[in-house]
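First up is the structure itself, then whatever we jot down about it.
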Amino acid sequence: MSDIILTSVLTCPACGHVESCEMPTDACQWFYECTACGAVLKPKPGDCCVFCSYGTVPCPPIQAGDDCCGG
(Lines give C-alpha, C1' and ligand atoms only; values in the text may rest on other atoms or scores of the structure.)
Protein backbone atom coordinates (compact mmCIF):
# COMPACT_ATOMS: atom_id res chain seq x y z
CA MET A 1 0.00 0.00 0.00
CA SER A 2 1.28 3.49 -0.80
CA ASP A 3 1.68 6.25 1.75
CA ILE A 4 -1.33 8.28 2.82
CA ILE A 5 -1.25 11.85 1.48
CA LEU A 6 -2.34 14.37 4.12
CA THR A 7 -2.48 17.52 2.01
CA SER A 8 -5.16 18.21 -0.58
CA VAL A 9 -5.88 21.25 -2.73
CA LEU A 10 -9.50 22.35 -2.40
CA THR A 11 -11.15 24.33 -5.20
CA CYS A 12 -14.20 26.41 -4.25
CA PRO A 13 -17.04 25.71 -6.70
CA ALA A 14 -18.50 29.18 -6.05
CA CYS A 15 -15.49 31.39 -6.83
CA GLY A 16 -12.74 29.06 -8.06
CA HIS A 17 -10.38 29.91 -5.19
CA VAL A 18 -7.71 27.24 -4.69
CA GLU A 19 -6.22 26.48 -1.28
CA SER A 20 -3.90 23.79 0.04
CA CYS A 21 -5.29 22.21 3.23
CA GLU A 22 -4.15 19.64 5.75
CA MET A 23 -6.71 16.84 6.06
CA PRO A 24 -7.77 15.36 9.40
CA THR A 25 -6.73 11.73 9.78
CA ASP A 26 -9.37 10.66 12.29
CA ALA A 27 -12.62 12.21 11.03
CA CYS A 28 -14.46 13.41 7.95
CA GLN A 29 -14.60 17.14 7.33
CA TRP A 30 -18.18 17.81 6.28
CA PHE A 31 -17.93 21.59 6.00
CA TYR A 32 -15.29 24.03 4.85
CA GLU A 33 -15.60 27.81 4.58
CA CYS A 34 -13.85 29.29 1.56
CA THR A 35 -11.33 31.87 2.73
CA ALA A 36 -11.91 33.96 -0.40
CA CYS A 37 -15.69 34.23 -0.77
CA GLY A 38 -17.05 32.73 2.47
CA ALA A 39 -19.07 30.01 0.73
CA VAL A 40 -19.58 26.95 2.91
CA LEU A 41 -18.61 23.83 1.02
CA LYS A 42 -20.49 20.61 1.77
CA PRO A 43 -19.86 17.13 0.35
CA LYS A 44 -21.54 16.24 -2.91
CA PRO A 45 -24.11 13.42 -2.71
CA GLY A 46 -22.29 10.11 -2.35
CA ASP A 47 -19.08 11.67 -1.02
CA CYS A 48 -18.08 11.48 2.63
CA CYS A 49 -16.38 14.88 2.97
CA VAL A 50 -15.36 18.10 1.25
CA PHE A 51 -11.95 16.66 0.33
CA CYS A 52 -13.55 13.79 -1.60
CA SER A 53 -15.81 16.30 -3.40
CA TYR A 54 -13.56 19.29 -4.06
CA GLY A 55 -10.01 18.20 -3.31
CA THR A 56 -7.19 16.88 -5.45
CA VAL A 57 -6.75 13.94 -3.05
CA PRO A 58 -9.49 11.96 -1.25
CA CYS A 59 -9.52 11.92 2.55
CA PRO A 60 -7.08 9.64 4.42
CA PRO A 61 -9.67 6.98 5.41
CA ILE A 62 -10.75 6.60 1.76
CA GLN A 63 -7.09 6.46 0.65
CA ALA A 64 -6.58 3.65 3.19
CA GLY A 65 -9.57 1.75 1.81
CA ASP A 66 -11.66 2.20 4.95
CA ASP A 67 -15.40 2.78 5.11
CA CYS A 68 -14.75 6.39 6.06
CA CYS A 69 -17.91 7.51 7.88
CA GLY A 70 -19.61 4.18 8.26
CA GLY A 71 -21.83 5.03 5.31
Side-chain angles (χ1 to χ4, degrees):
M1 175 187 280
S2 52
D3 292 334
I4 301 294
I5 299 168
L6 299 178
T7 302
S8 184
V9 177
L10 287 177
T11 302
C12 176
C15 73
H17 178 71
V18 175
E19 185 169 356
S20 180
C21 301
E22 195 76 16
M23 294 183 283
T25 57
D26 59 350
C28 292
Q29 186 164 340
W30 293 328
F31 303 103
Y32 180 82
E33 184 174 346
C34 177
T35 57
C37 73
V40 177
L41 280 59
K42 300 174 188 173
K44 294 177 183 177
D47 285 343
C48 65
C49 67
V50 294
F51 293 106
C52 288
S53 293
Y54 305 105
T56 55
V57 178
C59 66
I62 295 296
Q63 291 181 57
D66 294 339
D67 185 21
C68 188
C69 302

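Here, residue 1 is the first one in the sequence, and each next residue gets the next number.
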With E33 via side chain to side chain contact (heavy atoms under 4.5 Å, CB included) - residues at least two apart = none
Identify, with sequence neighbours excluded, every residue that meets side-chain hydrogen bond (donor to acceptor under 3.5 Å, both in side chains) alongside T7.
-> E22
Side-chain polar contacts of residues 10-18 - donor-acceptor pairs under 3.5 angstrom, sequence neighbours left out - could you list them?
unit_1: H17; atom_1: NE2; unit_2: T35; atom_2: OG1; d: 3.3

Side-chain contact, heavy-atom cut-off 4.5 Å: F51 with P60?
-> no
Qualifying residues under side-chain hydrogen bond (donor to acceptor under 3.5 Å, both in side chains), relative to S8, sequence neighbours excluded | none
Can you give the donor-acceptor pairs under 3.5 Å from side chains of residues 38-47 to other protein atoms, not counting sequence neighbours?
unit_1: D47; atom_1: OD2; unit_2: S53; atom_2: OG; d: 2.7

Heavy-atom closest contact (W30 atom, V50 atom, distance) = O-CG1, 3.5 Å
Sequence neighbours left out, what passes side-chain hydrogen bond (donor to acceptor under 3.5 Å, both in side chains) with Y54? Give chain and number order.
-> none
Under the side chain to side chain contact (heavy atoms under 4.5 Å, CB included) test, which residues partner P58, sequence neighbours left out?
-> C52, I62, Q63
